Engineer: 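Got a structure for you, questions after.
Predicted model, so just to flag it, every value in this text is computed and none were measured.
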Amino acid sequence: MRIGKIILIVTPLFLAGCWDERLYKNSSVVSLTGIEGTIGDLTGYYAYPEATSPEMKTVVITGNGISPRDVRQEAEVKVEQTMDLSVLSTILMSEETAEHNIYEYLDIYFRDANSPITSKLAIVQGELKRFFEITESRQSTTGEYYDRFITSLEENSLVIPYTLQTATSLIFEDAQDLALPYLKMGEDDRPNADGIALFSGRHYTGKTLNTTEAILLNIMNDSLGFSTRITYLFKDSPITVRVDNLKRKLNISENKIEIDLNIDFMVSEFPQDNLDKVSNRKELDKFLTEKIEHDMNEVLKKLQEAKCDALGLGRSVRAFHPQWFKKDWNEHFSNLDISAKVNIEITKTGILE
């Protein structure tokens, strides 16, 4: 009788480890940064949470230097742990800084593999320090506060949605310009949205659109958030309408661009009511058409004065009519005959009817 051999092969079990593991407990995790000044004389701000008993505290560190990297290195010597920007959610920049080549201040984030490219960007009016002091008085939020704030503006169509990645891609784009949230500090020491800052190429123009104009820009840009409302006075009574449906068409010729918009509105506020009558709705349709078309054309004039093609009209010209596209698009854009033509219809009148 033959007895077979049983051979037992033992294979070692190897567990993969994280060779690049970084523990947050060993770092100062920065979620909000800011920069003001110009190359050669810059000040940077870095905000991070610090756990103290019995509550969470926000610490703000400043650094000075001749470049963004120099500023960060100078700030590093003031913290007890290495600064970690892997969860950076918001970058604030002063008007003075943005008036220069904005990419000079953003380059550092793309050369650091740990920096996220989903951070929000905003231009602020006045001293940057005040915008960081508010995070010290409010426990918890630091950069997340501004991230949520800007996200809410996007959802209400008050600003065009941009991240660090998408904004920077436009900096290198010769057929569309950047438009970033423009914030100012209110009398109650709370940041307020004051519209959007207009760029021409890589430079902030010093010109802005207010919040109402920003909504109209978003409508023309077909970049609507969750809610897009606009309010006017009609016969001394407020009328607030919300965009329910939007169709946009560009009519392009050699020296003329017409933005053709068909907009369906839902009424959100109208104390006069009586919208069950067709004649009343048609009267409101006519009023809104004339008013919004006029205001949109005023916004277009401001864009042309700033040489800011925030609508990306140059992209459509370059793609579908390349023979009419100019390399110096900003200059050419400012001299074109650009207009908006609007057709409005109230399709939903509210819950009372």
Engineer: Taking only Lys NZ, Arg NE, NH1 and NH2, and the carboxylate oxygens of Asp or Glu, determine whether Lys302 and Glu213 approach each other closer than 4.0 Å.
Structural biologist: yes

Engineer: Check this for me, if you would: do Arg318 and Glu173 make a salt bridge, where the nitrogen-to-carboxylate-oxygen distance has to be below 4.0 angstrom?
Structural biologist: yes

Engineer: CZ of Phe172: more than 12 outside heavy atoms within 6.0 angstrom?
Structural biologist: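 Yes, CZ of Phe172 has more than 12 neighbouring heavy atoms, counting only those of other groups under 6.0 Å.
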
Engineer: Run the side chain to side chain contact (heavy atoms under 4.5 Å, CB included) test on Ile215 and Thr228 for me, step by step, so that the C-alpha distance in whole Å, both residues' side-chain angles and the decisive distance to 0.1 Å come before the verdict.
Structural biologist: CA-CA 7 Å; Ile215 292 173; Thr228 306; 3.8 Å; yes

Engineer: Grab the two heavy atoms, one from Gln304 and one from Ile338, that are nearest each other, plus how far apart they are.
Structural biologist: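 Looks like NE2-CD1, 3.7 Å.
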
Engineer: May I ask you to test the Asn64-Leu42 pair for a side-chain heavy-atom distance under 4.5 Å?
Structural biologist: no

Engineer: Are there over 12 heavy-atom neighbours, none belonging to Gln323, within less than 6.0 Å of that residue's CD?
Structural biologist: yes

Engineer: With a 3.5 Å distance limit and no angle check, can you tell me whether Asn210 reaches the backbone of Thr212 through a side-chain donor-acceptor pair?
Structural biologist: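 Pair found, side chain donor or acceptor close to backbone of Thr212.
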
Engineer: How about Asn280 and Phe270: do any of their side-chain heavy atoms sit closer than 4.5 Å?
Structural biologist: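 They are not in side-chain contact.
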
Engineer: For Gln125, what residues pass the side-chain contact (heavy atoms from CB on, under 4.5 Å) criterion, not counting sequence neighbours?
Structural biologist: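 By the side-chain contact (heavy atoms from CB on, under 4.5 Å) rule, Gln125 matches Glu95, Tyr182, Lys184.
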
Engineer: What are the two closest non-hydrogen atoms of Ser157 and Gly225, and how far apart are they?
Structural biologist: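 So the minimum-distance heavy-atom pair works out to OG-N, 2.8 Å.
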
Engineer: Can a salt bridge be assigned to the pair Arg315 and Asp309 using a cut-off of 4.0 Å between side-chain N and carboxylate O?
Structural biologist: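 Judged by the 4.0 Å cut-off on N to carboxylate O distance, Arg315 and Asp309 do not form a salt bridge.
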
Engineer: Return the minimal non-hydrogen interatomic distance between Tyr45 and Val60, and the atom names on each side.
Structural biologist: CD2-CG1, 4.3 Å

Engineer: Quick one: are Leu284 and Ile344 in side-chain contact, heavy atoms under 4.5 Å?
Structural biologist: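 No, every pair of side-chain atoms sits at 4.5 Å or beyond.
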
Engineer: Flag yes if more than 12 heavy atoms outside Phe320 fall under 6.0 Å of its CZ atom; otherwise flag no.
Structural biologist: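 Atom CZ in Phe320 is not crowded, with 12 or fewer foreign heavy atoms closer than 6.0 Å.
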
Engineer: Please lay out, stage by stage, how Glu283 and Lys277 fare under the test salt bridge (charged side-chain N to carboxylate O under 4.0 Å, His left out).
Structural biologist: CA-CA 10 Å; Glu283 186 179 9; Lys277 296 181 180 178; over 6 Å; no

Engineer: Could Glu298 and Lys301 be called an ion pair, given the rule that one side-chain N must be under 4.0 Å from one carboxylate O?
Structural biologist: yes

Engineer: Kindly indicate whether the side chain of Ile259, heavy atoms from C-beta on, has any atom under 4.5 Å from the side chain of Leu250.
Structural biologist: yes

Engineer: Can you find a heavy atom in the side chain of Leu288 that is under 4.5 Å from one in the side chain of Ile263?
Structural biologist: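 Heavy-atom side-chain distance check fails, nothing below 4.5 Å.
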
Engineer: Could you check whether any side-chain heavy atom of Asp189 comes within less than 4.5 Å of a side-chain heavy atom of Arg130, counting everything from C-beta outward?
Structural biologist: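 Yes - at least one pair of side-chain heavy atoms lies under 4.5 Å apart.
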
Engineer: Look only at the side chain of Thr151 and the backbone of Asp147, and say whether a donor-acceptor pair between them is shorter than 3.5 Å.
Structural biologist: yes

Engineer: Would you list the pairs meeting ring-ring contact (aromatic ring centres under 6.0 Å, His included) in which at least one residue belongs to residues 69-93, sequence neighbours left out?
Structural biologist: none

Engineer: If only side-chain N and O atoms count, and only distance matters, is there a donor-acceptor pair under 3.5 Å linking Arg229 with Ser227?
Structural biologist: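 Judged by distance alone, the side chains do pair up.
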
Engineer: Grab the two heavy atoms, one from Ala179 and one from Ile196, that are nearest each other, plus how far apart they are.
Structural biologist: CB-CD1, 4.1 Å

Engineer: May I ask you to say whether Arg111 pairs ionically with Asp107, meaning some side-chain N is under 4.0 Å from a carboxylate O?
Structural biologist: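 Result for this pair is yes, salt bridge flagged.
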
Engineer: What is the distance from atom OG of Ser115 to atom CG of Leu85, rounded to the nearest 0.5 Å?
Structural biologist: 5.5 Å

Engineer: If only atom types and distance count, is the side chain of Lys78 paired as donor or acceptor with the main-chain N or O of Thr62 below 3.5 Å?
Structural biologist: yes

Engineer: Between Asn251, Asp337, Ile252, which is the residue that forms a side-chain contact (heavy atoms from CB on, under 4.5 Å) with Glu258?
Structural biologist: Asn251

Engineer: Look at Lys348 together with Asp244 and state whether they make a salt bridge at an N to O cut-off of under 4.0 Å.
Structural biologist: yes

Engineer: Drop me the distance from Thr205's OG1 to Phe199's CZ, to the nearest 0.5 angstrom.
Structural biologist: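 One finds 8.0 Å between OG1 of Thr205 and CZ of Phe199.
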
Engineer: So Phe325 and Asp174, side chain to side chain contact (heavy atoms under 4.5 Å, CB included) or not? Walk me through it.
Structural biologist: CA-CA 10 Å; Phe325 183 75; Asp174 59 358; 4.2 Å; yes

Engineer: Distance only, no hydrogens: is a donor on one side chain within 3.5 Å (strictly under) of an acceptor on the other, for Asp177 and Ser200?
Structural biologist: no

Engineer: Is any NZ, NE, NH1 or NH2 atom of the basic residue among Glu269 and Arg242 found under 4.0 Å from an Asp or Glu carboxylate oxygen of the other?
Structural biologist: no

Engineer: Strictly below 4.0 Å, N to O, side chains only: are Lys307 and Glu331 in salt-bridge contact?
Structural biologist: yes

Engineer: Regarding Asn262 and Asn343, do their side chains bring together a donor and an acceptor under 3.5 Å, going by distance alone?
Structural biologist: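 Indeed, the side chains of Asn262 and Asn343 share at least one donor-acceptor pair under 3.5 Å.
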
Engineer: Side-chain contact test, heavy atoms from C-beta onward, threshold under 4.5 Å: evaluate it for Ile102 versus Ile171 and give yes or no.
Structural biologist: yes

Engineer: Tell me if the CD atom of Gln73 is crowded by more than 12 foreign heavy atoms within 6.0 Å.
Structural biologist: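 Counting other residues, nucleotides and ligands, CD of Gln73 stays at 12 neighbours or fewer.
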
Engineer: Are Tyr46 and Phe132 close enough that their ring centers fall under 6.0 Å?
Structural biologist: no

Engineer: Any idea how Phe131 and Tyr146 line up, ring-wise: parallel (<30°), tilted (30 to 60°), or perpendicular (>60°)?
Structural biologist: tilted

Engineer: So, Asp194 side chain and Thr211 main chain: donor-acceptor pair closer than 3.5 Å or not?
Structural biologist: no

Engineer: So, the side chain of Thr43 versus the backbone of Glu36: is there a donor-acceptor pair under 3.5 Å, distance only?
Structural biologist: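 No: the side chain of Thr43 does not pair with the backbone of Glu36.
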
Engineer: State, to 0.1 Å, how close Leu261 and Arg248 come at their nearest heavy-atom pair, and which atoms those are.
Structural biologist: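 Looking at all heavy atoms of both residues, the shortest contact is CD2-CG, 3.5 Å.
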
Engineer: Whether the Asp84 and Asn114 side chains hold a donor-acceptor pair (N or O, under 3.5 Å, no angle test) is what I'd like checked.
Structural biologist: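 No, Asn114 and Asp84 have no side-chain donor paired with an acceptor closer than 3.5 Å.
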
Engineer: Determine, for Tyr105 and Arg69, whether the Lys NZ or Arg CZ falls below 6.0 Å from the six-membered ring centre while staying within 45 degrees of the axis.
Structural biologist: no

Engineer: Could you tell me whether the side chain of Leu209 reaches within less than 4.5 Å of the side chain of Leu217, counting heavy atoms only?
Structural biologist: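 Side-chain contact under 4.5 Å: yes.
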
Engineer: Salt bridge check: are Glu290 and Lys286 linked by an N-O gap of less than 4.0 Å?
Structural biologist: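 So Glu290 pairs with Lys286 through a salt bridge.
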
Engineer: Could you list the residues that satisfy side-chain contact (heavy atoms from CB on, under 4.5 Å) with Glu127, not counting sequence neighbours?
Structural biologist: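 With neighbours one apart ignored, the set is empty.
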
Engineer: Once you round to the nearest 0.5 Å, how far does OG of Ser316 lie from NZ of Lys249?
Structural biologist: 13.0 Å

Engineer: Rounded to the nearest 0.5 Å, what separates atom NZ in Lys326 from atom CG in Leu336?
Structural biologist: 10.0 Å

Engineer: Parallel, tilted or perpendicular: which fits the ring planes of Tyr145 and Phe149, with parallel below 30° and perpendicular above 60°?
Structural biologist: parallel

Engineer: Is it true that Thr166 and Ser169 share a donor-acceptor pair across their side chains at a distance under 3.5 Å?
Structural biologist: no

Engineer: Please find the pair of heavy atoms, one from Asn221 and one from Leu311, that lie closest to each other, and give the distance.
Structural biologist: OD1-O, 3.4 Å

Engineer: With rounding to the nearest 0.5 Å, note down the distance linking CD1 in Ile150 to OG1 in Thr90.
Structural biologist: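 Taking CD1 in Ile150 and OG1 in Thr90, the distance rounds to 5.5 Å.
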
Engineer: I'd like to know if the side chain of Thr97 reaches the main chain of Met93, judged simply by a donor and an acceptor atom lying under 3.5 Å from each other, with no hydrogens or angles considered.
Structural biologist: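 Answer holds: no.
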
Engineer: Just checking, is any N or O donor in the side chain of Thr240 or Ser268 under 3.5 Å from an acceptor N or O on the other one?
Structural biologist: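 Not at all, the side chains of Thr240 and Ser268 share no donor-acceptor pair under 3.5 Å.
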
Engineer: Quick one: CZ on Phe265 to OG1 on Thr349, what's the gap to the nearest 0.5 Å?
Structural biologist: 15.0 Å

Engineer: What I want to check is whether the side chains of Ser339 and Asn297 have a donor and an acceptor closer together than 3.5 Å.
Structural biologist: no

Engineer: Any chance NE2 of His294 has more than 12 other-residue heavy atoms, nucleotides or ligands included, within less than 6.0 Å?
Structural biologist: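 Open.
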
